[in-house]
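Structure first, then comments.
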Amino acid sequence: MLWSLLKILVFVAIVALLAFGADLLMDTGGGVQITVAGTEYTLGALQSVIALGVLVFGVWLLLKLLSLLVATLHFLNGDETALSRYWDKGRERKGYQALADGLMALASGEGRLALAKAARAEKYLQKPDLTDLLVAQAAEMSGDTRKAAEAYKRLLSNQPTRFVGVRGIMKQKLSEGDTETALQLAEKALSLRPKHEEVQDTLLRLQAQAEDWAGARRTLSTKLKTGTLPRDVFKRRDAVLALSASKGILDEGATVEQQEQAIEANRLSPDLVPAAAMAARAYISKGKKRPAARLLKKSWESQPHPDLAHAFAEIEPEESAVERVKRFEQLARLKPQDDETRLVMAELNIVAEDFPEARRWLNDLAVRAPDARGLTLMAAIERGEGASDKIVQGWLARALTAPRGPQWVCDSCNHIHAEWAPVCEHCVSFDTLSWKRPETPEVASLAAAHMLPLITGALEDKASETVEEAEILEPDQEQTPQDPVKESS
């Protein structure tokens, strides 16, 4: 309403100014004298202005007639589209101007204005391959997903714009959460443009989410061939996919192919801890203990990790605690100063009841880099050496509020995972998990809870049998509480 009133006021003001100017010109003396063929014409001030306007219009009209005449001559000479081009020239100029205005509005974030300009450009140009993309993007910006989908579908019918249509619908399906349809569209888009990096990454992520490891490895090979992925990164990610395909090699229904894929994953990336642990278990399941030990030692030298210690313990599950300590010294010699080496050796010596040696391995670790696992081990050492309950409880109290220590953390979103996975469960990023200390404070460590039982093997059963024998032999004597360290083992 206010805008209409403003337009009326502007129109009235312009009419008033014109009337005022005409009145001034009529009152102005003098004029223009023109002599034509011996006849003299005298024009007043107002008449002169009108004559000038008529002259300008006449010149413009003459130029237009000359352009039409030239187009007619071209048409008569055999150019069948000369006249149609002449009449369409003005429409094209208006259409391209509307298209340019629409692109500027789109870049400025004005979705509704861009949509209006796109409709105007479509009206004048009649070229859907140019205007449909602007319509789709403007509709998306303004929140009209239905109109955007219709524009993308129209783009599918034209070969040059088919990729744009498929990619647009794919992104819509992703935003709607329809990953299954988005996966099919991503495969189609990649077949149309194999070198498009964004489509490659989207397809790889969707295939990893769907656990289509074979398809993901093909996509990864495409990225290598098209030069969008360095070869060293390709090797690691190919190893991650091979490792993911070999999950479940310890299940009863595990196939030989899964075992081979685990070994291949370790070959492709020897420093990938989960691949080394799984490949070692594949060797162990085949009865090849020596290759498993050799593989784990190589990986331990690159990065000591609890999973590697678990797998190394599984090579000889029936050995005694003392024998296990002696065998694990092979790993300890490779990285004697690493924190993980010291924690593992301390745990093993606690199980073997060699508490001074366990303290020697921990040394200043509980003070320099305290975490729940190291502090719990210090409590076990103090109890084993006969310290008072107050001292033991002090260590355990510190362990309850201490950080977890190194965990599998996503480099993209810092989400902590209980175990390694190829895809982050929080941000769905591929191959972003690293073994490191979380930036956010954490409590309660699963690594310490699971490490000791796996390494100690069957000692718990032996300890229980010893207690039962003592009860049978000395039933009348007061029972001494069992050592908590032995109970935890």
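These numbers come from the heavy atoms of this one structure, side chains and all, not from hydrogens, waters or symmetry mates.
- Under 4.0 Å is where a charged nitrogen must lie from a carboxylate oxygen, and between Arg217 and Glu264 at least one such pair does.
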Verdict with reasoning, Glu347 to Arg373, per side-chain contact (heavy atoms from CB on, under 4.5 Å): CA-CA 10 Å; Glu347 289 177 349; Arg373 184 178 170 196; 3.1 Å; yes
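- With values rounded to the nearest 0.5 angstrom, Leu134 atom CG is found 9.5 Å from Glu122 atom CD.
- When all heavy atoms of Thr376 and Ala399 are compared, the closest pair comes out as OG1-CB, 3.6 Å.
- A salt bridge links Arg146 with Glu150: the distance from a Lys NZ or Arg NE/NH1/NH2 to an Asp or Glu carboxylate oxygen falls below 4.0 Å.
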What do the steps show when you test Gln407 against Arg404 for side-chain contact (heavy atoms from CB on, under 4.5 Å), and what is the final call? CA-CA 7 Å; Gln407 301 292 321; Arg404 306 174 78 179; 3.6 Å; yes
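- For Asp144 (side chain) and Lys147 (main-chain N/O), a donor-acceptor pair under 3.5 Å exists by modelled atom type.
- Under the 6.0 Å distance and 45° angle rule, Arg193 counts as a cation-pi partner of Phe163.
- Residue-environment remark: CZ (Arg368) exceeds the threshold of 12 foreign heavy atoms within 6.0 Å.
- A salt bridge links Glu198 with Arg167; the closest basic N to acidic carboxylate O contact falls under 4.0 Å.
- Of the possible donor and acceptor atoms, none in the side chain of Glu382 sits under 3.5 Å from a partner among the backbone N and O of Ile391.
- Counting non-hydrogen atoms of neighbouring residues, nucleotides and ligands closer than 6.0 angstrom, the NE2 atom of His426 reaches no more than 12 such neighbours.
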Please evaluate residues Met378 and Arg359 with respect to the criterion side-chain contact (heavy atoms from CB on, under 4.5 Å), reporting the C-alpha separation (whole Å), side-chain torsions for both, the decisive distance (0.1 Å), and the verdict. CA-CA 8 Å; Met378 280 303 303; Arg359 185 185 292 274; 3.6 Å; yes
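- The OG1 atom of Thr222 sits 12.0 Å away from atom NZ of Lys195, with the distance rounded to the nearest 0.5 Å.
- Going from atom CG of Asn363 over to atom CD of Gln337 covers 8.5 Å, rounded to the nearest 0.5 Å.
- Side-chain contact between Met278 and Leu243 is present, with heavy atoms from C-beta onward closer than 4.5 Å.
- Side-chain contact between Arg237 and Leu229 is present, with heavy atoms from C-beta onward closer than 4.5 Å.
- Between the side chain of Ser244 and the backbone N or O of Val240, at least one donor-acceptor pair lies under 3.5 Å.
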Would Gln209 and Thr179 count as a side chain to side chain donor-acceptor pair (under 3.5 Å) if you check the C-alpha gap in whole Å, the side-chain angles of each, and the deciding distance to 0.1 Å? CA-CA 9 Å; Gln209 280 183 259; Thr179 55; 5.6 Å; no
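- Looking at Arg383 and Asp389, a side-chain N of the basic residue comes within less than 4.0 Å of a carboxylate O on the acidic one, giving a salt bridge.
- No hydrogens or angles considered: nothing links the side chains of Thr145 and Glu140 as a donor-acceptor pair under 3.5 Å.
- Minimum heavy-atom separation, Leu396 to Ala379: CD2-CB, 3.6 Å.
- Across Gln207 and Ala216, no two heavy atoms sit closer than the pair OE1-CA, 3.2 Å.
- Environment of NZ in Lys153: sparse, with no more than 12 heavy atoms of neighbouring residues, nucleotides or ligands closer than 6.0 Å.
- Glu323 has its side chain out of reach of Glu316: every pair of non-hydrogen atoms, C-beta onward, lies at least 4.5 Å apart.
- Shown here is Tyr152, whose OH atom has more than 12 heavy atoms of other residues, nucleotides or ligands within 6.0 Å.
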Report the C-alpha distance between Arg120 and Asp101 in whole Å, list the side-chain angles of each, state the deciding distance to 0.1 Å, and finish with yes or no for salt bridge (charged side-chain N to carboxylate O under 4.0 Å, His left out). CA-CA 10 Å; Arg120 181 178 174 84; Asp101 293 341; over 6 Å; no
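- Between Gly165 and Leu155, the shortest heavy-atom distance links the atoms CA-CB, 4.0 Å.
- The two residues Leu268 and Lys235 have their closest heavy-atom pair at CB-O, 3.9 Å.
- In summary, of the residues considered (Lys326, Arg327, Lys289), a salt bridge (Lys or Arg N to Asp or Glu O under 4.0 Å) with Glu319 occurs for Arg327 alone.
- Remark: the backbone N or O of Trp361 is paired with a side-chain donor or acceptor of Arg342 at under 3.5 angstrom.
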Does the pair Asp411 and Thr432 meet the rule for a side chain to side chain donor-acceptor pair (under 3.5 Å), with working shown? CA-CA 5 Å; Asp411 295 331; Thr432 56; over 6 Å; no
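- Formation of a donor-acceptor pair under 3.5 Å by the His415 side chain with backbone atoms of Val409 is not found in this model.
- Remark: Arg360 fails to qualify as a cation-pi partner of Phe355 under the 6.0 Å distance and 45° angle criteria applied to the six-membered ring.
- Each of Leu362, Asp371, Val344, Leu365 was checked for a side chain to side chain contact (heavy atoms under 4.5 Å, CB included) with Asp339, and the lone residue meeting it is Leu365.
- By the 4.5 Å heavy-atom criterion applied to side chains, Cys427 and Cys410 are counted as neighbours.
- Counting heavy-atom neighbours within 6.0 Å of Arg437 CZ, excluding the residue itself, gives a total above 12.
- To the nearest 0.5 Å, atom OG of residue Ser299 and atom CG of residue Leu334 are 11.0 Å apart.
- A distance of 11.5 Å separates CG of Leu99 from NZ of Lys117, quoted to the nearest 0.5 Å.
- Remark: aromatic rings of His305 and Trp408 are close, center separation under 6.0 Å.
- The pair Lys173-Glu180 fails the salt-bridge criterion, with no side-chain N (NZ, NE, NH1 or NH2) lying under 4.0 Å from an Asp/Glu carboxylate O.
- Distance alone, capped at 3.5 Å, is enough to place a donor-acceptor pair between the Thr341 side chain and the Lys335 backbone.
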Check the pair Leu220, Gln200 against side-chain contact (heavy atoms from CB on, under 4.5 Å), reporting the backbone distance first and the verdict last. CA-CA 8 Å; Leu220 203 66; Gln200 292 173 348; over 6 Å; no
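- Proximity of Phe430 to Leu241: side-chain heavy atoms (C-beta onward) are separated by under 4.5 Å at one or more points.
- Here the CG atom belonging to Asp238 is positioned 9.5 Å from the CG atom belonging to Leu224, to the nearest 0.5 angstrom.
- Side-chain atoms of His417 never come within 3.5 Å of backbone atoms of Trp420 as a donor-acceptor pair (strictly under, hydrogens ignored).
- Of all heavy-atom pairs spanning Met170 and Ala182, the tightest one is CG-O, 3.8 Å.
- In this structure, the side chains of Cys424 and Leu433 come closer than 4.5 Å at one or more pairs of heavy atoms.
- Within the 3.5 Å criterion, the main-chain N or O of Thr181 finds no donor-acceptor partner in the side chain of Gln184.
- Val135 has its side chain within reach of Leu115: a pair of non-hydrogen atoms, C-beta onward, lies under 4.5 Å apart.
- With respect to Leu206, the side chain to side chain contact (heavy atoms under 4.5 Å, CB included) criterion is satisfied by exactly one of Leu183, Thr219, Val428: Leu183.
- Inter-residue side-chain proximity for Thr161 and Asn158 is flagged as met; some heavy-atom pair is nearer than 4.5 Å.
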